[in-house]
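Heads up, the thing below is written out as structure tokens.
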Amino acid sequence: ANEEEAYALCRWLRARKFNLLDTIQMVEEASACRSAALAHNFYPNPSAALGIDASIYISQFPQLYYSFARNGYPLFISKPGKLHPATMECITT
């Protein structure tokens, strides 16, 4: 499900306290950053990139897009209290 344009614009504007020039600059920077990353295949298969199964990584760093809310928007779940920094360092270095 895609976010409707009005909601997306409001989300970007809120992030810059409704300052239009700052919002335009932020959108342009985000677009450039994403296009550069896509050009270099920056979003690879997580298991291949990490060298471990993605479920191990997620169990130690429990922040993920889980599903979609009733209104169709992505549901992001974050559990910072369950983060294991020492384990993350071990499995990613």
Open item on the list: So, using side chain to side chain contact (heavy atoms under 4.5 Å, CB included) as the criterion, who are the partners of Ala30 when residues are at least two apart?
Closed with: Trp12

Open item on the list: One pair to check against side-chain contact (heavy atoms from CB on, under 4.5 Å): Asp22 and Met26. What are the steps and the verdict?
Closed with: CA-CA 6 Å; Asp22 288 350; Met26 184 176 67; over 6 Å; no

- [ ] Tell me, please, which residues at least two apart from Ser31 pass side chain to side chain donor-acceptor pair (under 3.5 Å).
- [x] none

- [ ] Supply the atom-to-atom distance Ile91 CD1 to Asp53 CG, rounded to the nearest 0.5 angstrom.
- [x] 10.5 Å

TODO: Mind checking side chain to side chain contact (heavy atoms under 4.5 Å, CB included) for Leu9 and listing every partner two or more places apart, or none if nothing turns up?
DONE: Glu5

Task: Under the side chain to side chain donor-acceptor pair (under 3.5 Å) test, residues paired with Arg14 that sit two or more places apart - done: none

Task: Pairwise salt bridge (Lys or Arg N to Asp or Glu O under 4.0 Å) hits with a residue in residues 83-93, at least two apart - done: none

Open item on the list: Going by the rule side chain to side chain contact (heavy atoms under 4.5 Å, CB included), which residues pair with Leu21 if we only count those two or more places apart in sequence or in a different chain?
Closed with: Asn19

Open item on the list: Does Phe18, at its CZ atom, have more than 12 non-hydrogen atoms belonging to other residues, nucleotides or ligands within less than 6.0 Å?
Closed with: yes

